[in-house]
Amino acid sequence: MLRISELETITDKNNIQETIPKLMKKIHPILEKRRKLHKIYSRGGNESKVMFSENKDKTVVSYEKFLTDISSGYLSGAPVYTVDCIMDEKKKEVLEKIFDKELGDEEYKNQMEMIIKYIANYNDDITENYDLIHNILEMTACYEILYENEDNEMVYSKYSPLDTVAIWDYSIPANLLAIVRMWEEKNINDKTISKVEITDKYGTKTYSVTENYKEVKEEDNDNHDWGDVPAIVVEVDFAIFESCEDEIKAYEQLIQNIRNTFQYNDSDCKLHFSGYVPENQLIISEIVVDKETNEEKEIFRENPARIKEDELLMKAKTIYTQENGDAEWLTKPLDSNGAVEILKIYTNLMFQLAGIPNTSDLAFNSADLNASAIDRKFYIMNMMTASVIAQLKKAYLRRWELIFGRINLKNDTNYDFRDIRIELPKNLPANDDERIDSMLKLQGTISNQTIIESIGYDYLAEKTKMDNESEDNMLKNIERMSLLEQNGADIEETTIQEQTGKEEIKKAKTDDEIMKDIEEDKSKKKEEK
């Protein structure tokens with residue numbers, strides 16, 4: 001966390017020649033660590049370079065990418081936003097009296113949820129949530145900027161942690177003062193110019209800095225009226241794979257050693273002869289004259305005749321040695337079982353230190369596992385990432401605080417961001433049958449709307465569909481009756497028969513009630529006697 005007091009002194013036009021370079025020097029180490037983490041995650045791969053090794057000298061086992069991607073996928077379920085609405089009038093009255101705050105009703109709740117859903121859909125909230133979580137787990141931070149575009153749409157968009165850092169004050173808890181972006185640009189003459197963009201509660205200022213901080217120039221100053229820094233920030237200390245990086249390197253090294261041993265024993269193995277003398281020496285020497293000093297010196301090199309002799313020897317179908325002579329391969333011993341056991345130890349350590357269940361484990365892939373059992377296997381990961389999820393929820397609540405503050409300012413409304421409840425569910429196999437059965441057991445205890453919405457359906461949308469289906473069925477019955485009448489059927493008689501049947505049922509029910517009354521009268525008379 002980068003803390004600086006008196007941010008105004010940094011952006012003061014009279015001081016930027018001195019303050020901006022100082023700020024850049026404070027930010028550089030933070031960005032450098034994130035660039036190293038990203039390089040480890042991607043193994044240096046990018047749009048022009050592949051991740052894997054292009055030669056046999058190094059084996060790449062990209063566990064860092066695997067651990068980051070699987071944990072990001074698990075944590076990045078679609079965010080759920082709901083708005084509280086107090087239905088108890090007595091409780092509502094007490095809270096309004098104590099906090100001098102008008103609490104919303106059902107209409108207020110529906111309006112806020114409709115606005116949230118519209119803005120979230122416009123900004124592709126599910127993808128944004130995944131990207132922010134991935135940035136935190138990979139590069140220890142995520143940043144998001146908010147603005148209003150030309151179409152008056154509320155927009156939030158992520159900033160890359162590779163070139164962004166937040167500035168906080170010294171309060172407890174710390175308040176966000178600004179977010180700073182730093183990047184480099186090259187002009188047509190291949191001259192590098194550094195750019196610094198500072199966004200605080202007053203607006204966004206952009207500076208250009210020449211090489212070695214020789215000149216600092218303010219290029220742009222864009223004011224806004226959000227009343228606060230229009231951004232959300234989450235910063236942590238460690239990437240999810242940092243704690244097990246040594247184990248990953250050891251795993252790679254052991255894989256490389258095994259690979260080298262097999263490679264040597266397969267194609268690079270040396271043949272040992274006893275009782276055989278080659279005709280040509282392996283090394284020959286010659287005298288050369290140095291052109292600059294005109295001095296003679298002896299150099300040694302491999303004998304081409306010996307190379308040719310060895311090639312012919314390897315191709316020969318028979319080899320003749322002297323008495324008691326022999327030929328054998330000089331191989332390297334390899335304890336494959338021991339190597340496999342050590343690889344398993346490294347693998348278990350990696351997953352344990354990262355707090356992620358080993359999804360390749362046979363016990364994990366058992367057919368008997370249901371959604372609840374899998375969730376329990378992710379218990380440790382939930383504990384290790386609880387802080388990240390808590391901070392992300394807090395950041396999202398700040399996002400909606402900024403958005404509804406803007407809406408209230410422009411439309412003279414009174415939406416309170418504190419009424420929003422945010423849930424960040426996990427991506428797990430859903431046991432829908434178990435969940436639906438559990439909710440259906442509550443019928444008659446809680447409302448149908450609560451049951452339908454908890455299962456994952458939109459109550460209003462489903463109710464509209466049901467009403468439309470009922471209307472369609474009624475129209476179909478009318479059409480059927482009309483068709484029967486056109487074909488000569490007596491619709492009135494049919495209707496009378498249906499009505500008679502209903503009356504018979506009603507009559508039967510009435511007779512039962514009469515018999516019941518008679519029995520009750522008999523009982524009363526007996527008691528009177």
Side-chain angles (χ1 to χ4, degrees), residues 32-33 35-64 186 189-192 211-212 245-343 345-346:
E32 186 60 28
K33 176 187 175 178
R35 288 170 186 145
K36 287 180 180 178
L37 291 173
H38 180 65
K39 188 175 182 180
I40 293 172
Y41 166 83
S42 63
R43 295 306 180 96
N46 52 39
E47 66 276 2
S48 61
K49 184 180 177 182
V50 295
M51 174 190 291
F52 57 86
S53 175
E54 296 181 330
N55 53 56
K56 64 181 181 181
D57 298 332
K58 181 174 177 57
T59 300
V60 174
V61 184
S62 55
Y63 263 115
E64 297 93 347
K186 289 188 177 181
N189 298 319
D190 209 29
K191 181 180 179 182
T192 301
E211 192 174 358
N212 295 326
E245 185 60 22
D246 283 341
E247 285 68 29
I248 296 174
K249 289 180 179 179
Y251 186 97
E252 279 186 336
Q253 185 61 57
L254 182 54
I255 289 285
Q256 182 64 39
N257 294 343
I258 296 172
R259 178 181 177 181
N260 290 340
T261 303
F262 275 111
Q263 176 70 26
Y264 170 80
N265 289 340
D266 179 50
S267 59
D268 297 333
C269 189
K270 290 180 174 59
L271 186 61
H272 172 255
F273 285 101
S274 60
Y276 174 84
V277 179
E279 295 181 2
N280 300 282
Q281 294 181 354
L282 179 61
I283 304 296
I284 59 174
S285 64
E286 61 180 313
I287 303 298
V288 297
V289 179
D290 192 333
K291 293 181 180 180
E292 295 182 358
T293 61
N294 203 27
E295 294 180 357
E296 294 183 352
K297 61 180 180 179
E298 185 181 14
I299 63 171
F300 298 90
R301 62 185 179 87
E302 196 172 11
N303 188 356
R306 175 62 181 272
I307 295 174
K308 187 67 176 178
E309 181 183 353
D310 288 345
E311 290 177 353
L312 293 173
L313 185 64
M314 295 302 295
K315 292 179 181 179
K317 293 185 178 180
T318 57
I319 298 174
Y320 301 97
T321 63
Q322 297 177 2
E323 187 177 356
N324 297 324
D326 195 9
E328 62 179 348
W329 292 105
L330 296 176
T331 60
K332 292 181 179 180
L334 174 64
D335 181 7
S336 57
N337 291 330
V340 169
E341 288 301 317
I342 295 175
L343 287 175
I345 292 173
Y346 285 151

Can you establish whether the number of heavy atoms outside [X] located under 6.0 Å from its atom [atom1] is more than 12?
| X | atom1 | result |
| --- | --- | --- |
| Asn294 | CG | no |
| Glu279 | CD | no |
| Gln281 | CD | no |
| Glu211 | CD | no |

Hey, what do you get for [atom1] ([X]) to [atom2] ([Y]), rounding to the nearest 0.5 Å?
| X | Y | atom1 | atom2 | answer |
| --- | --- | --- | --- | --- |
| Met314 | Leu271 | CE | CG | 5.5 Å |
| Ile319 | Leu313 | CD1 | CG | 5.0 Å |
| Arg35 | Ile40 | CZ | CD1 | 14.5 Å |
| Leu330 | Cys269 | CG | SG | 6.0 Å |
| Lys58 | Gln253 | NZ | CD | 7.5 Å |
| Lys186 | Lys191 | NZ | NZ | 13.5 Å |

Original post:
Any idea which heavy atoms bring Val61 and Glu64 closest together, and the distance?
Top reply: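 The pair with the smallest heavy-atom distance is O-OE1, 4.1 Å.
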
**OP:** Specify the closest pair of heavy atoms between Thr261 and Pro333, including all atoms of both residues, with the distance to one decimal.
**Re:**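 Shortest heavy-atom separation between Thr261 and Pro333 comes out as CG2-O, 4.5 Å.
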
Test item: [X] and [Y] side chains (from C-beta on) under 4.5 Å apart, heavy atoms:
| X | Y | answer |
| --- | --- | --- |
| Leu343 | Ile258 | yes |
| Ile255 | Glu252 | no |
| Asn265 | Lys332 | yes |
| Glu302 | Leu282 | yes |

**OP:** Verify whether one side chain among Asn260 and Gln256 offers a donor that lies under 3.5 Å from an acceptor in the other.
**Re:**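 Distance-only check passes for Asn260 and Gln256.
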
Subject >> Arg43 and Ser62 side chains, donor-acceptor separation under 3.5 Å >> reply: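 The answer is no; no qualifying pair exists.
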
Subject >> Glu309 (side chain) donor-acceptor with Pro278 (main chain) under 3.5 angstrom >> reply: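 It does not hold such a pair.
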
Original post:
Does Asn303 reach the main-chain N or O of Ile284 with its side chain, forming a donor-acceptor pair under 3.5 Å?
Top reply: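 Absent.
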
**OP:** I would like to know whether Lys33 and Lys36 meet side chain to side chain contact (heavy atoms under 4.5 Å, CB included); could you show each step before the answer?
**Re:** CA-CA 5 Å; Lys33 176 187 175 178; Lys36 287 180 180 178; 5.7 Å; no

**OP:** Any pair with a residue in residues 270-312 that passes ring pair (Phe, Tyr, Trp, His ring centres under 6.0 Å), sequence neighbours left out, goes on the list, sorted by first then second residue, please.
**Re:**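 Every ring pair (Phe, Tyr, Trp, His ring centres under 6.0 Å) pair that includes a residue of residues 270-312, provided the two are not neighbours, is Phe273-Tyr276.
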
Subject >> Worked verdict on Glu341 versus Asn337 for side-chain hydrogen bond (donor to acceptor under 3.5 Å, both in side chains) >> reply: CA-CA 6 Å; Glu341 288 301 317; Asn337 291 330; over 6 Å; no

